[in-house]
Structure formats: structure tokens, C-alpha cells
2 protein chains.
Amino acid sequence: MTALPIDIHSTTKDRLSRVGQRYTESRREIIDALGSSPHPITVNDLMESVKGLAQSSTYRNLAVLEEAGVVRRVVSADDMARYELAEDLTGHHHHHLICQRCSAVLDIDVPQALERYVHEFSDEIAKQVNFRIDHHRLDLVGICAQCSAQDR
Amino acid sequence: MTALPIDIHSTTKDRLSRVGQRYTESRREIIDALGSSPHPITVNDLMESVKGLAQSSTYRNLAVLEEAGVVRRVVSADDMARYELAEDLTGHHHHHLICQRCSAVLDIDVPQALERYVHEFSDEIAKQVNFRIDHHRLDLVGICAQCSAQDR
DNA sequence: TTTACTGCAAAGGGTTTGCAACATG
DNA sequence: CATGTTGCAAACCCTTTGCAGTAAA
């Protein structure tokens with residue numbers, strides 16, 4: 001599971017062209033912004049990083065990038081979209097720690113052993129029910145440090 | 001972890017009165033509808049079961065019931081709210097199988113061993129980072145039978 | 001008889017879309 | 001130069017809220 005140093009930008013370009021899309025300056029900036037964030041970010045966060053990009057273009061680009069498989073939408077506690085780079089681009093499989101008060105999302109690494117169990121279980125279930133399982137989400141949900149500090 | 005035969009309605013009534021709320025006919029019907037569904041359901045589904053209940057009342061009641069801890073909001077693949085009875089009411093701890101095409105949600109049971117590993121891991125993480133972890137979500141995400149049939 | 005609950009209709013707020021101008025392969 | 005991309009503004013849709021009337025403890 002070691003991360004080969006694949007070039008994120010060239011991979012993105014390939015995957016975009018495979019769906020008949022172009023790798024524009026805005027899209028490159030979005031990828032850079034997502035790549036330099038240590039955790040999934042909202043559309044608003046993204047628009048602050050990528051100055052001058054219209055809201056509609058941000059949404060459209062994220063949809064295209066997700067379609068192309070280079071970006072992944074992450075579900076938190078509120079209904080605001082959050083995005084991160086696809087794991088096969090970063091080579092970093094991880095899960096999330098989610099604050100149910102402020103909806104912040106933190107990345108966490110999961111022990112190999114646990115991952116194996118989840119995969120085994122996943123395969124079993126796939127056999128039992130007629131369902132093609134693509135991936136899993138393991139989220140730990142609670143209250144982050146800042147939010148519990150505010151409670152006092 | 002065997003489910004004691006607690007009375008869902010009386011427990012709901014207690015928990016509601018604890019937050020200064022009443023257990024009305026509408027709320028009872030909502031609880032019944034959620035209790036008789038084998039999987040989390042959307043607000044629209046709910047309104048079809050509980051005929052005559054205004055949309056606003058449905059949303060308000062669900063919010064109150066969630067606040068009182070008898071109902072839980074479940075996150076799927078789209079941004080539509082889905083609800084189920086709280087696990088401590090049903091005595092049935094479970095996780096979800098999610099279709100990323102149609103957003104359907106199915107309940108699945110998880111082996112005790114896997115649950116234990118998740119708990120261990122959860123405790124470890126809680127120690128590492130300053131975060132109070134309340135619960136976890138383990139979702140298997142993929143494409144359900146109906147949706148993959150449509151692809152052909 | 002006080003306080004919560006309800007329905008109706010209107011407002012919110014994140015996201016999507018139509019369209020004309022612009023940029024990329 | 002054909003087709004994708006952009007910004008603007010309007011539309012969308014799920015959800016929330018204000019209000020006046022109703023019902024529960």
C-alpha cells in the first residue's frame with residue numbers, strides 16, 4: 001500500500017480527457033487547494049482559496065472532477081458538501097472524525113487489521129445481498145475540542 | 001446485548017416530557033411508521049405513511065424527536081434526510097448499506113468482533129486527539145441490485 | 001389557562017441551470 | 001472552429017420559520 005509518487009496533475013488531466021473534459025486553470029487551482037488542505041473542505045472554503053472563481057463554476061467543476069474520479073464528496077454532520085482528493089490520487093486511505101456540533105471533519109488513519117476486517121465483512125455482505133460494494137465509510141462522530149470548550 | 005422488551009411508546013413519552021414536550025397523536029404515528037419500516041425513511045415517505053400531517057409539522061416533530069433522543073437522522077448519498085428509531089429504543093445496533101445511485105439505505109448487522117475492533121480503535125483515537133467520540137458510522141457504499149439492472 | 005402543537009404560506013440557503021461571451025484542444 | 005468553460009442571475013428544492021388558531025397537561 002505504499003503511495004507511488006504519481007503526478008496528480010497529469011493523472012487528473014488524463015481522467016478528465018477520458019470523459020471529454022479539459023484541464024483548465026480553475027480546475028488546476030481547485031486540485032491544488034484540495035491537495036494542500038489536510039482535511040475535506042467546503043465549497044465556500046474552496047472559493048476563498050481559489051479567488052475569482054464563480055460559485056456556479058466551482059460547483060460545476062467539482063461535479064466534473066467527481067465524475068472523472070479525481071475528487072470525492074465527503075458527508076459530514078450538516079448538509080454542506082465537503083470535498084477531498086480521491087484516495088487513489090493521494091495514495092492515502094483514511095477515514096474521518098466528525099464533529100456533530102460544528103461539522104468539522106478531520107482525517108484519521110485506521111489500523112491495517114481493522115481495514116482487513118472491514119473488507120472481509122464487506123465481501124461477505126456483498127455475497128449475501130445482491131449489491132456491488134465499491135467502498136466503505138468509517139466515521140467516528142462526536143464533539144471536537146473547540147466545541148466542548150464552548151460548552152463551559 | 002439482547003434487546004430487552006422496553007416499551008417504545010412509554011420510553012418516547014418519558015424522553016419527550018424530559019425536554020418539556022408532549023407525546024401527541026402525530027408523534028406517535030411517526031414513531032409507529034419509523035418502527036415498522038425495515039430501513040431509514042425520508043420525510044416524504046413518512047408523510048405518505050402519516051396521512052394528513054403537514055410538512056412543517058413533520059419536520060418539526062422529527063427535530064423534537066431527535067432532540068429527545070428517540071429518533072436518529074441517517075446520512076445517505078444524497079442530501080435528503082432519512083430517519084430511523086434510536087438504537088437504544090429498538091435494541092438493535094446496526095450499520096448501513098448505501099446505494100450511491102438511488103440513495104436507498106439498507107440495514108445490516110455487523111459481527112461482534114468487528115464492532116469490538118471499531119470500539120478499540122475509537123478509544124485509541126479519542127485518547128490521541130482531543131475529541132469526545134459518541135458513536136461511529138460504518139457504511140458500505142455501492143450500487144444496489146435495481147440500479148445495476150438499469151445499467152444494462 | 002398556560003404552554004405546546006398544528007397548518008398554512010412565505011422565507012431561507014445551499015445547489016443547479018439558462019444563457020451569452022470566452023477559452024481551449 | 002467546434003466544443004467545453006465561465007460568470008451572472010434566476011430558478012430549484014429541501015428545510016425552516018412566522019403567525020394565528022387549536023389542543024394538551
Side-chain angles (χ1 to χ4, degrees), chain A residues 9-10 12-31 33 40-68 70-83 102-105, chain B residues 9-10 12-31 33 40-68 70-83 100 102-103 105:
Chain A
H9 289 298
S10 64
T12 299
K13 184 173 181 171
D14 288 350
R15 294 193 187 173
L16 281 172
S17 68
R18 197 182 305 161
V19 243
Q21 303 286 99
R22 297 166 186 163
Y23 198 28
T24 63
E25 182 61 21
S26 316
R27 291 178 182 173
R28 171 178 290 267
E29 288 178 309
I30 288 175
I31 293 295
I41 57 178
T42 64
V43 173
N44 282 341
D45 294 340
L46 201 49
M47 287 197 303
E48 274 178 36
S49 299
V50 183
K51 290 270 193 256
L53 185 59
Q55 199 185 37
S56 58
S57 301
T58 308
Y59 279 106
R60 275 191 277 231
N61 281 328
L62 285 168
V64 167
L65 291 167
E66 190 180 18
E67 169 76 26
V70 294
V71 143
R72 187 157 90 167
R73 185 176 185 177
V74 167
V75 173
S76 176
D78 57 7
D79 287 308
M80 249 156 84
R82 268 156 237 266
Y83 290 88
C102 71
S103 300
V105 180
Chain B
H9 289 300
S10 65
T12 299
K13 185 173 180 174
D14 289 351
R15 295 193 187 172
L16 281 172
S17 69
R18 198 182 304 160
V19 247
Q21 302 287 100
R22 297 165 188 164
Y23 197 28
T24 62
E25 181 61 22
S26 314
R27 291 177 183 173
R28 172 180 290 267
E29 288 178 310
I30 288 175
I31 294 295
I41 57 178
T42 64
V43 174
N44 282 341
D45 293 340
L46 201 48
M47 287 197 303
E48 275 179 35
S49 298
V50 184
K51 290 270 193 254
L53 185 58
Q55 198 184 37
S56 58
S57 300
T58 308
Y59 278 107
R60 273 191 279 231
N61 282 326
L62 285 168
V64 167
L65 291 167
E66 190 180 18
E67 170 77 25
V70 294
V71 142
R72 188 157 90 166
R73 185 176 184 175
V74 167
V75 174
S76 176
D78 57 8
D79 286 309
M80 247 154 86
R82 268 157 235 264
Y83 290 87
Q100 55 196 329
C102 70
S103 301
V105 179

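Chain identifiers are assigned alphabetically (A, B, ...) following the order of the sequence lines, protein sequences preceding nucleic acid strands; residue numbering begins at 1 within each chain. In this text, all values refer to a predicted model and were calculated from it rather than measured experimentally. The figures that follow rest on heavy atoms only: side chains count, while hydrogens, waters and symmetry mates do not.
- With sequence neighbours left out, A:R72 forms a side-chain hydrogen bond (donor to acceptor under 3.5 Å, both in side chains) with no residue at all.
- At a threshold of 4.0 angstrom between heavy atoms, the contacts of A:S26 are confined to the sugar-phosphate backbone, with no base atom among them.
- Axis angle across the helix from C:dT1-D:dA25 to C:dG25-D:dC1, with five pairs used at each end and values rounded to 10°: 40°.
- Here the side chains of A:Q21 and A:E67 are not in contact, with every heavy-atom distance at 4.5 Å or above.
- A:A81 comes within 4.0 angstrom of the backbone, heavy atoms only, and of no base.
- The side-chain heavy atoms of B:V19 and B:V64, taken from C-beta on, include no pair separated by under 4.5 Å.
- Within residues 43-59 of chain A, the residues that place at least one heavy atom under 4.0 Å from DNA chain C are, in residue-number order, A:Q55, A:S56, A:Y59.
- Side chains of B:V105 and B:I41 form no contact here, defined as non-hydrogen atoms less than 4.5 Å apart.
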Once each nucleotide of nucleotides 19-25 of chain D is scored for protein heavy atoms under 4.0 Å, what B/S/- sequence comes out, 5' to 3'? B---BB-
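- Residues that satisfy the side-chain hydrogen bond (donor to acceptor under 3.5 Å, both in side chains) test with B:T58, not counting sequence neighbours, are absent from this structure.
- Counting 5' to 3', DNA chain C first comes under 4.0 angstrom of a heavy atom of chain B and last does so at the ends given by C:dT3 to C:dA9.
- With sequence neighbours excluded, the residues satisfying side chain to side chain contact (heavy atoms under 4.5 Å, CB included) with A:V75 are A:R137, B:V75, B:R137.
- Residues satisfying the side chain to side chain contact (heavy atoms under 4.5 Å, CB included) test with A:A63, not counting sequence neighbours, are none.
- We find that CZ of B:R73 is positioned 9 Å from C1' of D:dT15, with the value rounded to whole Å.
- Separating the OH atom in A:Y23 from the CG atom in A:D14 is a distance of 11.0 Å, to the nearest 0.5 Å.
- Under the side-chain hydrogen bond (donor to acceptor under 3.5 Å, both in side chains) criterion, B:Q100 pairs with A:D134, sequence neighbours left out.
- Listed by first then second residue, pairs satisfying side chain to side chain donor-acceptor pair (under 3.5 Å) with a partner in residues 44-55 of chain B read B:T42-B:D45, not counting sequence neighbours.
- A:E29 is linked by a side chain to side chain contact (heavy atoms under 4.5 Å, CB included) to A:E25, A:V50, counting only residues two or more places apart in sequence or in another chain.
- Listed by chain and residue number, A:R73 satisfy the side-chain hydrogen bond (donor to acceptor under 3.5 Å, both in side chains) test with B:D79 (two or more places apart in sequence, or in another chain).
- Looking only at side-chain heavy atoms (C-beta outward), B:L46 and B:L53 stay at 4.5 Å or farther from each other.
- Between the CG atom of A:D78 and the P atom of D:dC14 there is a distance of 18 Å, rounded to whole Å.
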